Amino acid sequence: MFLQTQLTQSEYKKVDRVLHTMGGKWNRRERAHIFSSDPAEVIAAAVASGTTPNTVGKILEAYYATPEPLATHMVAGEHSGIADLEAGARVLEPSAGEGALVRAILHANPDVHVTAVEPNPERAAKIASDPRVSVVVSSFESFAATAPGPFAAVVMNPPFALPNRPTVWMEHLYTAWDLLVPGGQLLAIAHGSYTWRPERKYQAMREFITAHGGCEELPARTFATSGTEANSVFLHARRPAHL
């Protein structure tokens, strides 16, 4: 892979830093950054997400933990109906990470039952053991294919982009919507490009959310402590009570 234009020194330093975090090392003889394995997927995911990776694992899995203040805002703010759910209501967190949203959900309503889905077993193991929480080590796609019945609410911070799946967050939102009971609520984080990208799939998502709820643009650097400067939005939508 070659750059087609000559970079300034400042630009080169930025590119070098990004490639270094991906595992590339400058080789004077080859006059190129050399990787121990094919970096194509990592680079493609970084370009698709518009973020600078801290580690190869982060960009491949697109895992950026939900900051605690945001988790609280999502489930206890003016757009959330979590606190009003009846005792025993089932809530799904389909990209649970280490459980930030799970903890926020139970704090907002201690009487619900949360199903936390997380594909990474090490992160899943960090979700606190609690009789009100069922932890499922699985991809969301695999879980959804055999999900045991609908949920009263879905609260999620899905991956924004994965290798060869630059809009995986949209796929996850539509899948989550299909798992809701009539009248159920979807609370989700999405990439900031939701608000302006002109492609038809983005237009369709905006129309879909507007028809059932709304969008709140989050402050810049909301996820800075989690390792990304990507802009983000908070989407809230409620499935019609009568389908």
Side-chain angles (χ1 to χ4, degrees), residues 48 61-63 66 71 74-75 77 79-86 88-97 99-102 104-105 108-109 112-120 124 127 132-191 193-195 197 199-216 232-243:
E61 297 180 291
Y63 171 65
T66 308
M74 288 176 66
V75 302
H79 300 302
S80 173
I82 295 295
D84 299 324
L85 293 176
E86 297 180 353
R90 301 172 68 240
V91 179
L92 174 65
E93 214 291 40
S95 42
L101 283 171
V102 173
I105 292 166
N109 189 333
V112 299
H113 185 277
V114 182
T115 298
V117 180
E118 170 54 45
N120 184 296
I127 300 175
R132 298 168 298 176
V133 180
S134 296
V135 179
V136 181
V137 181
S138 168
S139 69
F140 181 33
E141 292 84 353
S142 296
F143 172 82
T146 58
F151 295 86
V154 179
V155 184
M156 62 195 301
N157 172 16
F160 288 170
L162 293 173
N164 300 315
R165 300 173 67 188
T167 55
V168 65
W169 65 269
M170 290 190 190
E171 300 168 22
H172 280 209
L173 260 66
Y174 285 129
T175 298
W177 182 259
D178 290 338
L179 294 177
L180 286 170
V181 299
Q185 188 176 38
L186 174 66
L187 302 170
I189 299 300
H191 195 280
S193 58
Y194 161 89
T195 64
R197 288 289 291 264
E199 292 90 338
R200 179 54 195 157
K201 64 171 57 178
Y202 283 86
Q203 294 178 26
M205 177 59 77
R206 289 193 290 268
E207 292 168 1
F208 173 77
I209 293 297
T210 300
H212 300 290
C215 167
E216 175 186 337
S232 54
V233 295
F234 170 38
L235 307 179
H236 53 92
R238 190 172 293 276
R239 194 176 176 96
H242 303 287
L243 301 180

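This one's a predicted model, so the numbers in the text were calculated from it and none came from an experiment. Just the heavy atoms: all of them, side chains too, but no hydrogens, waters or symmetry mates, feed the values below.
- A search for side-chain hydrogen bond (donor to acceptor under 3.5 Å, both in side chains) contacts involving S193 returns H191, not counting sequence neighbours.
- Among residues two or more places apart in sequence or in another chain, the ring-ring contact (aromatic ring centres under 6.0 Å, His included) test is passed with Y194 by none.
- Every residue meeting the side-chain hydrogen bond (donor to acceptor under 3.5 Å, both in side chains) condition with T66, not counting sequence neighbours, appears here in chain and number order: N157.
- Residues satisfying the salt bridge (charged side-chain N to carboxylate O under 4.0 Å, His left out) criterion with E199, sequence neighbours excluded, are R197.
- S80 is linked by a side-chain hydrogen bond (donor to acceptor under 3.5 Å, both in side chains) to nothing, counting only residues two or more places apart in sequence or in another chain.
- Listed by first and then second residue, the side-chain hydrogen bond (donor to acceptor under 3.5 Å, both in side chains) pairs that reach into residues 205-215 are R200-E207, sequence neighbours excluded.
- H113 is linked by a ring-ring contact (aromatic ring centres under 6.0 Å, His included) to nothing, counting only residues two or more places apart in sequence or in another chain.
- Listed by chain and number, the residues in a side-chain hydrogen bond (donor to acceptor under 3.5 Å, both in side chains) with S139 are S142 (sequence neighbours excluded).
- A pairwise comparison of heavy atoms in L173 and A188 identifies CD1-CB, 4.0 Å as the closest pair.
- The minimum heavy-atom distance between I209 and H236, with the atom names listed, is CG2-O, 4.3 Å.
- The backbone N or O of S95 sits less than 3.5 Å from a side-chain atom of E93, completing a donor-acceptor pair.
- Formation of a donor-acceptor pair under 3.5 Å by the E118 side chain with backbone atoms of G97 is found in this model.
- For residues 173-185, no pair satisfies salt bridge (charged side-chain N to carboxylate O under 4.0 Å, His left out), with sequence neighbours left out.
- Taking each heavy atom of S232 and F160 in turn, the nearest pair found is CB-CZ, 4.2 Å.
- Closest approach of M74 to L101, counting heavy atoms only: SD-CD2, 3.9 Å.
- Between the side chain of R90 and the main chain of F151, no donor-acceptor pair closer than 3.5 Å is present.
- The two atoms that bring V75 and I82 nearest to each other are O-CB, 3.6 Å, heavy atoms only.
- Residues satisfying the ring-ring contact (aromatic ring centres under 6.0 Å, His included) test with Y174, not counting sequence neighbours, are F208.
- Taking E141 as the reference, R165 meet the salt bridge (charged side-chain N to carboxylate O under 4.0 Å, His left out) condition, with sequence neighbours excluded.
- Here the closest heavy-atom approach between residue A71 and residue A100 is recorded as CB-O, 4.0 Å.
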